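So the structure is just underneath, and the comments pick up after that.
Since we're looking at a predicted model, the values are computed, not measured. We name chains A, B, ... by the order of the sequence lines, and we start the count at 1 in each one.
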Number of protein chains: 4
Amino acid sequence: MNKTKEAIYKASVDVFSQSGYTGAAMDEIAERANVAKGTLYYHFKSKEDLFLFVMQTGLGHMIDDAKKVIGKPLAPMDKITELCKSQLRVVRKNENFVKVILSQLFGQEERQRLLRGKLNEYAQLIRECIGELGVEKHTEKETSAAVFGFLGTMVSAAVYSAMTGTQKKDISGLLIQNYLHGIL
Amino acid sequence: MNKTKEAIYKASVDVFSQSGYTGAAMDEIAERANVAKGTLYYHFKSKEDLFLFVMQTGLGHMIDDAKKVIGKPLAPMDKITELCKSQLRVVRKNENFVKVILSQLFGQEERQRLLRGKLNEYAQLIRECIGELGVEKHTEKETSAAVFGFLGTMVSAAVYSAMTGTQKKDISGLLIQNYLHGIL
Amino acid sequence: MNKTKEAIYKASVDVFSQSGYTGAAMDEIAERANVAKGTLYYHFKSKEDLFLFVMQTGLGHMIDDAKKVIGKPLAPMDKITELCKSQLRVVRKNENFVKVILSQLFGQEERQRLLRGKLNEYAQLIRECIGELGVEKHTEKETSAAVFGFLGTMVSAAVYSAMTGTQKKDISGLLIQNYLHGIL
Amino acid sequence: MNKTKEAIYKASVDVFSQSGYTGAAMDEIAERANVAKGTLYYHFKSKEDLFLFVMQTGLGHMIDDAKKVIGKPLAPMDKITELCKSQLRVVRKNENFVKVILSQLFGQEERQRLLRGKLNEYAQLIRECIGELGVEKHTEKETSAAVFGFLGTMVSAAVYSAMTGTQKKDISGLLIQNYLHGIL
DNA sequence: AATGAATGAGTCTTCATTCAT
DNA sequence: AATGAATGAAGACTCATTCAT
């Protein structure tokens, strides 16, 4: 990614997360990236193309991080804990990116279908990690519940940050605690 | 709510959930509600006004349901379990509504701020219910984590349904289980 | 065709004939028709749609005129002469329309293919009239040559008017004369 | 004309004939000529400049051919017949070029005025040749009609080829026949 | 209470042109 | 002699909103 593309990427994440896909204006992305509008179209075929690039890149970061943790020689339970921590850290660093995902997860537009497809790759990774916890203990349904609970935990963090604003305290440690051991 | 308004409400939920706020066209809402475009503006001042009405109404349903459960004379632990079940049932019945919330939760537009405000009222209700579990055991931060974990669980259900499509199995029981007792 | 649509039609013929299809700006059509840009799109799905409407309507006028002549109880030779005269009169009254046709006759765009298709219906009409002159005398090829010569005569009139400007003398009588009896 | 310019010329004729002047993209001309976009501007000041070069060159070919025939020591009637044949041959070989002329003949843009100017030089040549047929027999108006009939015959050939497509039979002989002796 | 024709601001996108290399 | 990244003006099209009926 060269300098111009990088600038466009960063501006895109910001604008998409603030305004969603439809609400985002290419004009504003260009302005925030400090390039002319035409430059966006020199590097990306269309708004949708740019959006998909943003998704691919952002999810790529999360997947890379997850793979790094999964590759570590840890006991399954330690590994899932570590994965939680690590991914929540990434989420906090890329808060805006998570917002984009959430705001575009539903619907039948091509871009939304593609996004779900990519997110599924990510979910698959988590599934494997959770699966290691002990095949005899988890049915397929139980694993699914654990995976989507995991995603839900990531979302909780994003929702928390959106709803409590800047003066928020970090509760990610407690979210992990609850995810692993329950609130009771 | 008379017949026309009802039709507009239902059409709005569908269209907003499919296309988000900005992507939704008043034209399409009118068409799906089988009324002329002008009729929308006879009943609602603006698109934003309509959106806020939809939010108020939809969240109203969830709050009503929650209050009903909270009003029951149950032990705190049983009550929170019952609340989970009941709310997940509502979520499943109003899947589209939850999608609208999620897609419009972030951003600095007036409607988004108002939505977060309303959602906060809902969160407050959950917070009280969780607080009953035993004040001595929960710090403010812990309660927050439990509340947002609760919201995250609702989201998990919606995300699950979005990503697995029609042939999905119901995992809400397991989601509750995990929320209350953890995945480990 | 109501008042608004009529105004748009007239403005369209003018602008399309002056600037061609691609060169014509919807903005300018709107301005000349004294309506807002949005109004164009209320009445026509797209620029292409508007263009096709213009073609259909314009060729319709010529076809109607031709049919009127063809319906007359005249000797074949008199009829073809009458047809020449009558059609040239229409061409002169709708000079701009003929320019649009010529400027859009070639190319592989959908609109251009459709235009050629419609023009073929017109050519077919001429072909029948020429065919009446005496089947035994004309081979298929000869009829074709006569038909396209006819079209060429119409075009000659338009080209003449474009190239000699306003102070032109009317030469349509001579064009007919030449078409029927040759220049020699 | 060196190799690069030659390639640009050929690509230009193709693209201009397929898309008209406004519809033609410098990008596509560059691509078809296998040069970078910047190269076009190294050889030509602007799109209009390139267009005018194409017109000048193409009409130059037709004028050269016409002059060759006119220079021959033939009887006026034979000469005009020969001219018809020869020019129709050129038209068939440069079909695309004729399409560009026709699609750009009308309108008030500078390039269109210039094109008509150049075409007038060509028409003048034809006029002289026709004039030789016998001044006593032709009034100025009659000569004009014969000249524009000649142009119309060329156009007929192009229109015929556009409308009947690839499986067309050659009717140029008949077109000449009709032009000289009429269809009756 | 309801309609739908009309509007114009705002959006995505294209493309001729420039310029540093 | 040639390139291609970058530009910004201009164009097609959308859509919330208004208003006369």
Side-chain angles (χ1 to χ4, degrees), chain A residues 2-5 8 19 21-30 33-50, chain B residues 2-5 8 19 21-31 33-51, chain C residues 2-5 8 19 21-30 33-50, chain D residues 2-5 8 19 21-31 33-51:
Chain A
N2 66 24
K3 211 127 197 208
T4 305
K5 218 166 169 179
I8 295 176
S19 313
Y21 177 82
T22 336
M26 293 298 266
D27 265 7
E28 185 164 0
I29 293 176
N34 261 322
V35 298
K37 209 191 311 191
T39 305
L40 298 186
Y41 287 88
Y42 184 77
H43 290 278
F44 299 94
K45 212 171 74 259
S46 64
K47 188 182 181 182
E48 182 141 342
D49 191 41
L50 172 56
Chain B
N2 67 26
K3 212 132 199 201
T4 304
K5 218 165 169 181
I8 295 176
S19 314
Y21 177 82
T22 335
M26 294 298 265
D27 263 355
E28 187 168 357
I29 293 176
E31 196 175 7
N34 263 322
V35 300
K37 211 194 314 196
T39 308
L40 297 185
Y41 286 87
Y42 181 78
H43 291 279
F44 299 94
K45 210 172 81 255
S46 65
K47 187 183 183 182
E48 184 143 341
D49 191 42
L50 171 56
F51 177 76
Chain C
N2 66 24
K3 211 127 198 208
T4 305
K5 219 165 168 179
I8 295 176
S19 313
Y21 178 82
T22 335
M26 293 297 266
D27 266 6
E28 184 164 1
I29 293 177
N34 261 324
V35 298
K37 207 190 314 190
T39 306
L40 298 186
Y41 288 89
Y42 184 79
H43 290 278
F44 299 94
K45 214 171 76 261
S46 64
K47 188 182 182 181
E48 182 143 342
D49 192 41
L50 172 56
Chain D
N2 66 26
K3 213 132 200 200
T4 304
K5 217 165 171 181
I8 295 176
S19 314
Y21 177 83
T22 336
M26 293 297 266
D27 262 356
E28 188 168 357
I29 293 176
E31 196 175 7
N34 262 323
V35 299
K37 212 195 311 194
T39 307
L40 298 185
Y41 286 88
Y42 181 80
H43 290 278
F44 299 94
K45 209 171 83 256
S46 66
K47 188 185 182 180
E48 183 142 341
D49 191 42
L50 172 56
F51 177 76

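In this model, the phosphate group of F:dA6 is approached by a side-chain N or O of A:Thr4 to a distance below 4.0 Å at OP1 or OP2. When the side-chain nitrogen and oxygen atoms of B:Tyr42 are compared with OP1 and OP2 of E:dA2, none of them lie within a distance under 4.0 Å.
Nucleotide F:dG8 holds its C1' atom 15 Å from the CG atom of A:Asn34, rounded to whole Å. Atom P of nucleotide E:dC12 and atom CD1 of A:Ile29 are separated by 8 Å, given to the nearest angstrom. Rounded to a whole Å, the CD1 atom of D:Ile8 is 13 Å from the C1' atom of F:dT3. Rounded to an integer number of Å, the gap from CG of D:Leu40 to P of F:dA1 is 15 Å. Protein atom CG of D:Asn2 is 8 Å distant from nucleotide atom P of F:dA1, rounded to whole Å.
When both pairing distances are held under 3.5 Å, E:dT21 makes a Watson-Crick or G-U pair with F:dA2. In this structure, E:dT14 and F:dA9 make a Watson-Crick or G-U wobble pair, each of the two defining distances being under 3.5 angstrom.
Counting only heavy atoms from C-beta outward, the side chains of A:Leu50 and A:Met26 approach each other to under 4.5 Å. Counting only heavy atoms from C-beta outward, the side chains of C:Lys5 and C:Ile8 never approach each other to under 4.5 Å. The closest side-chain heavy-atom distance from C:Asn2 to C:His43 is below 4.5 Å.
Minimum interatomic distance between B:Ser19 and B:Ala24 (heavy atoms only, all atoms of both residues): CB-N, 3.7 Å.
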Short heteroatom pairs, N/O only, protein and nucleotides 16-19 of chain E, under 3.5 Å:
{"from": "E:dA16", "atom 1": "OP1", "to": "D:Ala24", "atom 2": "O", "distance (Å)": "2.8"}
{"from": "E:dA16", "atom 1": "OP1", "to": "D:Lys47", "atom 2": "NZ", "distance (Å)": "3.0"}
{"from": "E:dA16", "atom 1": "OP2", "to": "D:Met26", "atom 2": "N", "distance (Å)": "2.6"}
{"from": "E:dT17", "atom 1": "OP2", "to": "D:Tyr41", "atom 2": "OH", "distance (Å)": "2.9"}
{"from": "E:dT17", "atom 1": "OP2", "to": "D:Lys47", "atom 2": "N", "distance (Å)": "2.8"}
{"from": "E:dT17", "atom 1": "O4", "to": "D:Lys37", "atom 2": "NZ", "distance (Å)": "3.1"}

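Atom CD of B:Glu31 has 12 or fewer neighbouring heavy atoms from other residues, nucleotides or ligands inside a 6.0 Å radius.
For C:His43, counting side-chain heavy atoms from C-beta on, the closest listed nucleotide (E:dA6, E:dT7, F:dT7) is E:dA6.
D:Leu40 CG to D:Asp27 CG: the interatomic distance, rounded to the nearest 0.5 Å, is 9.0 Å.
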